[in-house]
Visitor: 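Pasting a structure here, questions to come.
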4 protein chains.
Amino acid sequence: MSFIQTARRAQIIEAAIETVAAIGYGQASLARIAGQAEISKSVISYHFSNKEDLLEKVVEQVLSDWNASMRPLLEAEPTAAGRLAAYIRSRLAYLRENRRRVVALTEIIMNHRDADGRLVFAERDAEPVDELLAILRAGQSAGEFRAFDSMVLAMTVTQALEGAMTRWAEQPETDLATYAEELVTLFRLATDTQEPER
Amino acid sequence: MSFIQTARRAQIIEAAIETVAAIGYGQASLARIAGQAEISKSVISYHFSNKEDLLEKVVEQVLSDWNASMRPLLEAEPTAAGRLAAYIRSRLAYLRENRRRVVALTEIIMNHRDADGRLVFAERDAEPVDELLAILRAGQSAGEFRAFDSMVLAMTVTQALEGAMTRWAEQPETDLATYAEELVTLFRLATDTQEPER
Amino acid sequence: MSFIQTARRAQIIEAAIETVAAIGYGQASLARIAGQAEISKSVISYHFSNKEDLLEKVVEQVLSDWNASMRPLLEAEPTAAGRLAAYIRSRLAYLRENRRRVVALTEIIMNHRDADGRLVFAERDAEPVDELLAILRAGQSAGEFRAFDSMVLAMTVTQALEGAMTRWAEQPETDLATYAEELVTLFRLATDTQEPER
Amino acid sequence: MSFIQTARRAQIIEAAIETVAAIGYGQASLARIAGQAEISKSVISYHFSNKEDLLEKVVEQVLSDWNASMRPLLEAEPTAAGRLAAYIRSRLAYLRENRRRVVALTEIIMNHRDADGRLVFAERDAEPVDELLAILRAGQSAGEFRAFDSMVLAMTVTQALEGAMTRWAEQPETDLATYAEELVTLFRLATDTQEPER
DNA sequence: TATGAATGAGCCTTCATTCAT
DNA sequence: TATGAATGAAGGCTCATTCAT
């Protein structure tokens, strides 16, 4: 792929992210995205075979970027508890600095459907959950964590982070670093081996 | 309002719920909803002034039904901890028996926007959070709960329940009753006054 | 026709006049007219076989009322010149006191068409012109008026009055009595036997 | 703008004129106009942002064409009386050769309203009146014309020309050149300084 | 590599009319 | 005498996509 190809595609993907984040999946037509990129509509058609193709590239790009930013932070932690905390902190840190990307990603994953009404990118949503599952199960095997249903916990952590985003979207003055520490504490208590006596 | 009016409106609202739950907000056109109800498109226009009007009635109907089913269970609990557990259990119980309604509700709340791109029903989403906030703060005042950021916890509980729904939607064999108990334990640990020594 | 019939029909006709005058022929739907009359749409359908039927009754009613108000004033004048002046004055006087009726009449006559695009009430517009033609030709026979094309003059007088209405509609502070006298003078000069030397 | 753009736009404008003139403003839907032009409905949407946009372009095109055809004839006349006569003659001459355009123009100006019910192009109707006003006032200043209300006279001349159009529309055998001379005489008599003795 | 032009399908809404009650 | 209910047709408009250049 030529340099110009790559640059154009990146530009269009960026415009799609911007548009979807700003006005939502539903109103983000190719015309709007083209307008955002200040190019003609057919340029998009030329570089992407489909609207779906474009959206898929957006999802891929954001997800891989996100993973790339998180991976080294996770691997630096020796314990499962440490990795769980790092997971929470790093995801919220990414969120804080890439809000439009994450909003766009969520919009697309939650809304883009095929002709039969099925969510096309539903599985992509599961990737971060799988990541978490691995961490949690390792912690349980190592005796760091108590015996919980790891799937429930993975879902809950994932959703908690989504909730932080929602909250931040509605109240931009929310301090995400503090929010992260609250969640770290919350999930430490929820996973710790030592239950408090009662 | 005449009997026939009430019946038709209920039928249309039900068809709208069914349609939105099945194929998502974005594809749920009046034509599809009318098709689902096996009536002509203009019957909807006759009974509702707008598509937005119809959606609003759907939101209202589901939310009030939901609240009504939850209220007595909450009020039966004397302690904040009990009310928190009851909140989790009753919401998941409602979910289990009214999945289409809740899916449709979420779809509409998360997607319906006005001409300026603002989510019209955003506030309706906040109602259950406010409910939770009250419970959590009461628990803190009474010394039942530790000193956490109540907003973070309220968001997290809300999101955890939504996560249960998502999980159940994707894997229908999920046992929501067990899921509920996992969450009850999780949030008991996360809120309890007695922190474990470390 | 029963009393109640007559009253209802009159009420509906009045509402139609009001509505057409207020928002124009194009937007004056049966629903709007019914709203103006504070009755249900089907009441109109019951009393008039058609929308066209209703409009026809409106035209008839306004035209006959107008003629009735003008006739005695014309017949009181012995000379053609007097009758021409009386015609101008009386039409503008009627206009001043029945603006909504006249506006509605004009809207309907100028806009209501059948399926083939033909103006249905075009002929009704010609009635006042015929009236004028008779006056002008009588004046020419009697030697009161110079030798002009009576059709041109009849059209011009008619249009001049319409112009007064338009002007008054746009600038309500226009004094129609003064306007009438200007027109009387104008058409006296234009019709008089004695041409000024030049 | 490309050649093809210009051509298509002109074609669509022409089709709109044809359609509006033939079946009136009210029935002139985009579908009908597209049918007249033998193109698909969405071609219109592609070249004009709106139905209103199209209508505006029609009004603009006809008015500027009309003005352009009249201007040199007016400026060739040294006296106000000459300009008034030239105004009458040239407008009727334009009418004779552009009847569909003028009919369409009038239909649109008299009927197109915004959402609040206001006639959108009302002001465009006033332009020819302003032109006339200038001529009449100049004639009065120069002592060529008697002391009349110039606004009344301007309206009356304008309406007289419209009357000629109406007449011609209904009776196509009307000789507009003769009609013009009748009006020239009429308004010469009506404006001349020398009143006939009486 | 880029794009202007065109299109058919579908969107929501309004409308005059019909019909059973 | 009145009307609530229903409907099909048509309205203007947006959309993703295709195609020739």
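Chain letters run A, B, ... following the sequence lines, proteins first and then strands; every chain starts at 1.
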Visitor: Does D:Asn50 make a side-chain N or O approach to OP1 or OP2 of F:dC13 shorter than 4.0 Å?
Guide: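 Affirmative; the distance criterion is met.
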Visitor: Sequence neighbours left out, what passes side-chain hydrogen bond (donor to acceptor under 3.5 Å, both in side chains) with B:Lys57? Give chain and number order.
Guide: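 Checked B:Lys57 against side-chain hydrogen bond (donor to acceptor under 3.5 Å, both in side chains); matches are B:Asp53.
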Visitor: How close do B:Leu30 and B:Ile44 get, counting heavy atoms only, and between which atoms?
Guide: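 Residues B:Leu30 and B:Ile44, closest heavy atoms: O-CD1, 3.7 Å.
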Visitor: Report which part of the nucleic acid B:Ser45 touches: base, sugar-phosphate, or nothing (heavy-atom distance under 4.0 Å, all strands).
Guide: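 B:Ser45: base contact, heavy atoms under 4.0 Å.
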Visitor: Between A:Trp66 and A:Asn98, is there a side-chain heavy-atom distance shorter than 4.5 Å?
Guide: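 A:Asn98 vs A:Trp66: side chains apart.
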Visitor: Dot-bracket, DNA chain F: Watson-Crick or G-U, under 3.5 angstrom, [ ] crossing, | other strand?
Guide: .||||||||||||||||||||
Visitor: Flag the pair B:Glu14 and B:Arg101 as a salt bridge only when some basic side-chain nitrogen lies within less than 4.0 angstrom of an acidic carboxylate oxygen.
Guide: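 Judged by the 4.0 Å cut-off on N to carboxylate O distance, B:Glu14 and B:Arg101 do form a salt bridge.
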Visitor: For DNA chain E, determine which residues of residues 3-24 of chain D have any heavy atom closer than 4.0 angstrom to one of its atoms, and list them numerically.
Guide: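 Residues of residues 3-24 of chain D under 4.0 Å from DNA chain E: D:Ile4, D:Gln5, D:Arg8.
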Visitor: Which whole-number value in Å describes the distance from B:Tyr46 OH to F:dG8 P?
Guide: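 Roughly 16 Å, once rounded to whole Å.
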Visitor: Could you tell me the boundaries of the chain A footprint on DNA chain E, defined by atoms under 4.0 Å from its heavy atoms?
Guide: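 Reading along DNA chain E, I get E:dT1 to E:dA6.
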Visitor: Side-chain donor-acceptor contacts of residues 115-124 of chain C below 3.5 Å, not counting sequence neighbours, with atom names and distances?
Guide:
unit_1: C:Asp116; atom_1: OD2; unit_2: C:Arg118; atom_2: NH2; d: 3.0
unit_1: C:Arg124; atom_1: NE; unit_2: C:Glu127; atom_2: OE2; d: 3.2

Visitor: If you draw a 6.0 Å radius around CE in A:Met165, do more than 12 non-hydrogen atoms from other residues or ligands fall strictly inside?
Guide: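 Check passes, neighbour count above 12.
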Visitor: Run the salt bridge (Lys or Arg N to Asp or Glu O under 4.0 Å) test against A:Glu56 and tell me which residues pass, sequence neighbours left out.
Guide: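 Expected list: none.
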Visitor: Nearest whole angstrom, please: distance from the C1' of F:dG12 to the CZ of D:Arg113.
Guide: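 Distance, rounded to whole Å: 19 Å.
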Visitor: Sequence neighbours excluded, which residues qualify as side-chain hydrogen bond (donor to acceptor under 3.5 Å, both in side chains) partners of A:Glu18?
Guide: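 With sequence neighbours excluded, A:Glu18 shows a side-chain hydrogen bond (donor to acceptor under 3.5 Å, both in side chains) to A:Arg100, given in chain and number order.
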Visitor: A side-chain contact here means heavy atoms from C-beta on lying under 4.5 Å apart; do C:Leu54 and C:Ile33 qualify?
Guide: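 Side-chain contact under 4.5 Å: yes.
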Visitor: Tell me every residue that passes side-chain hydrogen bond (donor to acceptor under 3.5 Å, both in side chains) with D:Glu170, counting only those two or more places apart in sequence or in another chain.
Guide: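 D:Glu170 satisfies side-chain hydrogen bond (donor to acceptor under 3.5 Å, both in side chains) with no other residue.
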Visitor: Write out all pairs satisfying side-chain hydrogen bond (donor to acceptor under 3.5 Å, both in side chains) with one or both partners inside residues 25-38 of chain C, taking only residues at least two apart or from two chains.
Guide: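 Every side-chain hydrogen bond (donor to acceptor under 3.5 Å, both in side chains) pair that includes a residue of residues 25-38 of chain C, provided the two are not neighbours, is C:Tyr25-C:His112.
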Visitor: Where each residue is assigned the nucleotide of DNA chain E containing its nearest heavy atom, which of C:Ser49 and D:Ser2 is assigned the position nearer the 5′ end?
Guide: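 Comparing both residues, the 5'-ward one is D:Ser2.
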Visitor: Round to a whole Å and report the spacing from CD1 of D:Ile44 to P of F:dT14.
Guide: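 Going from CD1 in D:Ile44 over to P in F:dT14 covers 14 Å.
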Visitor: Residues in side-chain hydrogen bond (donor to acceptor under 3.5 Å, both in side chains) with D:Ser64, at least two apart?
Guide: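 Once residues adjacent in sequence are excluded, D:Ser64 has no partner under the side-chain hydrogen bond (donor to acceptor under 3.5 Å, both in side chains) criterion.
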Visitor: Hey, can you pull the residues of residues 27-43 of chain B with a non-hydrogen atom under 4.0 angstrom from DNA chain E?
Guide: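 Listed by number, they are B:Ser29, B:Leu30, B:Ala31, B:Lys41.
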Visitor: According to ring-ring contact (aromatic ring centres under 6.0 Å, His included), does anything in residues 29-60 of chain D pair up with another residue at least two apart or in another chain? List the pairs.
Guide: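 Sorted pair list comes back empty.
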